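Shown next, in structure tokens, is the structure this report addresses.
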Amino acid sequence: MANITVEKHPTTQEVAKRSYSDPFTAMRDLMHWDPFRDGLHWLTREAGFSPAFEIKETKDAFEFRADVPGIDQKDIQVQMTDNRLVVRGKREAEKTDKGDTYYTYERTYGSFDRSFTVPEGVNADAIRADLKDGVLKVVLPKKPESKPREVPVKSG
């Protein structure tokens with residue numbers, strides 16, 4: 001599992017009460033963004049890979065999609081335990097020669113581990129996962145009893 005760090009950011013009211021001699025410090029507090037912490041991942045090849053996920057609910061299922069270009073099917077693992085969906089994988093770095101010269105190095109490699117809590121009513125026996133064109137699609141069908149039903153409204 002991934003390590004989770006919880007940071008306490010000052011509230012807007014707390015920031016407003018402070019006296020700042022440096023406007024950049026005030027902006028970092030207001031925006032909860034530190035460019036020196038968040039923006040330097042490109043300096044190291046050890047930044048790691050974390051795919052972007054998209055999750056949507058339809059009337060019949062929950063659909064998870066992740067951009068995982070360059071990852072083989074054998075390097076992706078999808079598990080469902082109780083109401084927890086876990087997606088793990090890794091993207092291997094390409095082989096490089098010692099004589100190669102890089103002018104920029106923005107692609108990331110490594111292992112990822114993402115977990116999601118899903119609502120009750122998922123049919124765990126019918127879950128399916130497909131990898132096509134660098135997109136992982138995991139479909140968690142809903143049980144029939146948990147799907148919305150139209151209720152007729154009677155008058156009088």
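On a predicted model such as this, the values are computed, not experimentally measured, just so you know. Count residues from 1 along the sequence.
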Residues passing the side-chain hydrogen bond (donor to acceptor under 3.5 Å, both in side chains) test with E94, sequence neighbours excluded, are R107
CA sep, side-chain torsions, deciding dist, call: E92, K90, salt bridge (charged side-chain N to carboxylate O under 4.0 Å, His left out):
CA-CA 6 Å; E92 298 289 339; K90 65 180 174 180; 3.5 Å; yes
Could you walk me through whether V86 and T81 pass the side chain to side chain contact (heavy atoms under 4.5 Å, CB included) test, one step at a time?
CA-CA 8 Å; V86 178; T81 305; over 6 Å; no
What donor-acceptor contacts under 3.5 angstrom involve side-chain atoms of residues 119-139, with partners at least two apart or in another chain?
from : atom 1 : to   : atom 2 : distance (Å)
N123 : OD1    : D125 : N      : 3.3

Closest non-hydrogen atom pair, F53 against R114:
CD1-NH1, 3.4 Å
Where is the tightest heavy-atom contact between F112 and P51, given as atom of each residue plus distance?
CG-CD, 3.5 Å
Assess whether atom CG of D100 is packed by more than 12 heavy atoms of other residues, nucleotides or ligands within 6.0 Å.
yes
Which donor-acceptor pairs under 3.5 Å do side chains of residues 59-80 form with protein atoms, sequence neighbours excluded?
from : atom 1 : to  : atom 2 : distance (Å)
Q79  : OE1    : R88 : NH1    : 2.9

